[in-house]
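All figures in this text were calculated on a predicted structure; none of them were measured in a lab.
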Amino acid sequence: MHVIIDRNRMVHDVQHVSKAVSPRTTIPILTGIKIVATKKGLTLTGSDSDLSIEAFIPTVENEKELVEVEQEGSIVLQSKYFSEIVKKLPGDTIDITVHDQFAATIRSGSSVFTLNGLDPDEYPRLPQLKEDLIFSMPQDMLRNVIRQTVFAVSTQETRPVLTGVNIETEEGGLICTATDSHRLAMRRTKIDVENEDLHFQNVVIPGKSLQELSKIVEDTSDAVDIVVTENQILFKLGHVLFFSRLLEGKYPVTSSMIPNQSRTSFVLKTKPLLQTLERALLLSREAKNNVINMKTLGEGEIEISSTSQEVGKVTEQMEVERYEGEELRISFNGKNIIDALKVIDSEEIHLMFTGAMSPFVIRPIDSDRYLHLFSPVRTY
């Protein structure tokens, strides 16, 4: 194999595919990036068997030559070294030549590296998916959906299905849900479908996969095509293919958990509440459960407080708007609320409570497309 590639494009695509390479894998071949050169261009692949990313660099794009293929062929090179080398090379192009015994010479400017490669025939093949269930949405919308749900997945492996985000279809759209059983984030979004009969449920994408995907998705309105199969999901982003396995297990039915009426409700400004909770958390952070207390003071005010027996106490009053219902005292995990407030794009939020020991809801004022549900904390 002998190819000459535009350095900037190579750095960009190697960064993408190396996200799928796990340094902790026990399979030696999966510590590498597979490089395949054909007359059409260069294909790079990284995988840890759960997650696979493939990037294609065409010979010419927008009338600019990106790849010159002198000789077709393939090689697997250690991701750890290859991605760092590519990033630091001095020239505008990279010349890669593969010799016998899978030895590769990488030249750029006055720099020459020789790397020992691995046999590309041993590299696992990417899954060939049937494209029966396929839909699309703009990349910036997908990025937002991930941002507003993935933070709420569980980090505990005791219930593996909760470490993912569940997606299911509803009329003309998609519902995405994440929960760790103490909090829940739900986001609705419209999708473009070719087949009106598109229907699936209990499709659970690992949270880790979505976090890596959000680093690749760009802030554009270009469409991303999404293919769903029984145990895999594929995201097609231009010249990048992003495969992830799906989590097994039955995702809990969460729609019945969301209360549709409240005994106490009011409206607060998002940013001031976020800052108040961050101040309150300064003291309760030492305690394991990050407990913050909230109580209503008449119709126009609430009090937020936090106590640590070792450190001290903090109290702060906040004005509220549109107060309705009974008096309330409630305690909750402040960190969970802060995580949610950070992904709410609305300036004001609506808080709805059904009692001191029942889950409560936070919704942005200007959108009914997403909500957050939290369990209160028992304090004795």
Side-chain angles (χ1 to χ4, degrees), residues 20 50-53 127 129-155 159-181 183-217 222-237 240-258 339-340 343-345 363-364 367-373:
D50 285 342
L51 175 66
S52 305
I53 302 172
L129 303 188
K130 273 191 187 168
E131 300 196 0
D132 297 340
L133 295 176
I134 183 166
F135 62 94
S136 61
M137 65 167 82
Q139 289 196 31
D140 51 4
M141 187 189 284
L142 174 62
R143 195 177 188 170
N144 256 339
V145 168
I146 296 171
R147 183 175 67 91
Q148 290 168 345
T149 52
V150 79
F151 72 91
V153 301
S154 174
T155 52
R159 285 184 73 190
V161 78
L162 295 186
T163 62
V165 175
N166 181 52
I167 63 170
E168 56 187 74
T169 46
E170 61 171 3
E171 281 179 31
L174 202 64
I175 306 178
C176 309
T177 313
T179 181
D180 62 2
S181 75
R183 59 175 169 184
L184 176 144
M186 181 190 262
R187 174 73 151 84
R188 288 185 153 83
T189 181
K190 287 208 173 339
I191 52 175
D192 298 319
V193 291
E194 289 173 18
N195 178 1
E196 291 300 320
D197 298 334
L198 180 81
H199 176 74
F200 58 80
Q201 60 191 62
N202 206 64
V203 172
V204 189
I205 310 164
K208 285 176 188 162
S209 299
L210 289 174
Q211 280 162 345
E212 294 303 342
L213 176 63
S214 68
K215 295 172 192 169
I216 294 175
V217 174
D222 297 350
V224 46
D225 289 333
I226 302 166
V227 181
V228 179
T229 67
E230 199 175 326
N231 52 16
Q232 289 273 344
I233 189 162
L234 164 62
F235 298 85
K236 296 179 171 185
L237 307 124
V240 176
L241 300 180
F242 185 103
F243 295 83
S244 171
R245 74 174 176 95
L246 297 173
L247 292 174
E248 291 175 11
K250 192 91 179 82
Y251 202 81
V253 178
T254 52
S255 51
S256 57
M257 293 151 82
I258 297 156
D339 289 346
V343 301
I344 290 178
D345 299 328
R363 294 175 183 268
S367 168
D368 58 355
R369 306 208 59 80
Y370 61 110
L371 63 82
H372 301 275
L373 180 77

Could you pull out the closest heavy-atom pair between Leu246 and Pro206, with the gap in Å?
-> CA-CD, 4.4 Å
Taking atom CG of Asp368 and atom CZ of Arg363, what is their separation to the nearest 0.5 Å?
-> 7.5 Å
4.5 Å side-chain heavy-atom contact, Lys236 and Glu131 = yes
Spatial distance of atom CD1 (Ile216) from atom CG (Leu237) [nearest 0.5 Å] = 7.0 Å
Please report the closest heavy-atom contact between Gly207 and Val150, naming both atoms and the distance.
-> O-CG2, 3.6 Å
Atom pair CG (Leu142) and CG (Asn144), whose distance is rounded to the nearest 0.5 Å = 9.5 Å
Non-hydrogen atoms of Leu129 and Gln232 that approach each other most closely | CD2-CB, 3.9 Å
Should Pro252 and Arg159 count as side-chain neighbours, where that means a heavy-atom distance under 4.5 Å?
-> yes
Could you tell me which non-hydrogen atom of Arg147 sits nearest to which non-hydrogen atom of Val343, and how far apart they are?
-> O-CG1, 3.3 Å
Going through the checks in order, is the side chain to side chain contact (heavy atoms under 4.5 Å, CB included) test met by Gln148 and Asp345?
-> CA-CA 10 Å; Gln148 290 168 345; Asp345 299 328; 3.3 Å; yes
Starting at CG of Leu162, measure out to OG1 of Thr155 and round the result to the nearest 0.5 Å.
-> 10.5 Å
Could you tell me the separation between the CG atom of Asp132 and the CG atom of Leu198, rounded to the nearest 0.5 Å?
-> 10.5 Å
Judged by atom type as modelled, is there a donor-acceptor pair below 3.5 Å linking the side chain of Asn166 to the main-chain atoms of Ile175?
-> no
Hey, are the side chains of Val161 and Lys250 touching, using non-hydrogen atoms and a 4.5 Å cut-off?
-> no
Hey, does Phe135 have a side-chain heavy atom less than 4.5 Å from the side chain of Leu174?
-> yes
Minimum heavy-atom distance Asn202-Gly249, with the two atoms named = ND2-O, 3.0 Å
Between Phe235 and the options Ile53, Ile205, Asp225, the side-chain contact (heavy atoms from CB on, under 4.5 Å) test singles out Ile205
How many angstroms lie between atom CZ of Arg143 and atom CE of Met137, to the nearest 0.5 angstrom?
-> 14.5 Å
Does the pair Leu51 and Lys208 meet the rule for a side chain to side chain contact (heavy atoms under 4.5 Å, CB included), with working shown?
-> CA-CA 9 Å; Leu51 175 66; Lys208 285 176 188 162; over 6 Å; no
Go through Arg188 and Met186 one step at a time and tell me if the side chain to side chain contact (heavy atoms under 4.5 Å, CB included) criterion holds.
-> CA-CA 7 Å; Arg188 288 185 153 83; Met186 181 190 262; 3.8 Å; yes
Given Cys176, which of Leu210, Thr149, Ile146 fulfils the side-chain contact (heavy atoms from CB on, under 4.5 Å) condition?
-> Thr149
Is the backbone N or O of Phe200 less than 3.5 Å from a side-chain atom of Thr169, with the two atoms forming a donor-acceptor pair by type?
-> yes
Closest non-hydrogen atom pair, Arg187 against Val145 | CG-CG2, 4.0 Å
Do Thr189 and Tyr370 have side chains that get closer than 4.5 Å, going by heavy atoms?
-> no
Can you tell if the side chain of Ile191 reaches within under 4.5 Å of the side chain of Ile226, non-hydrogen atoms only?
-> no
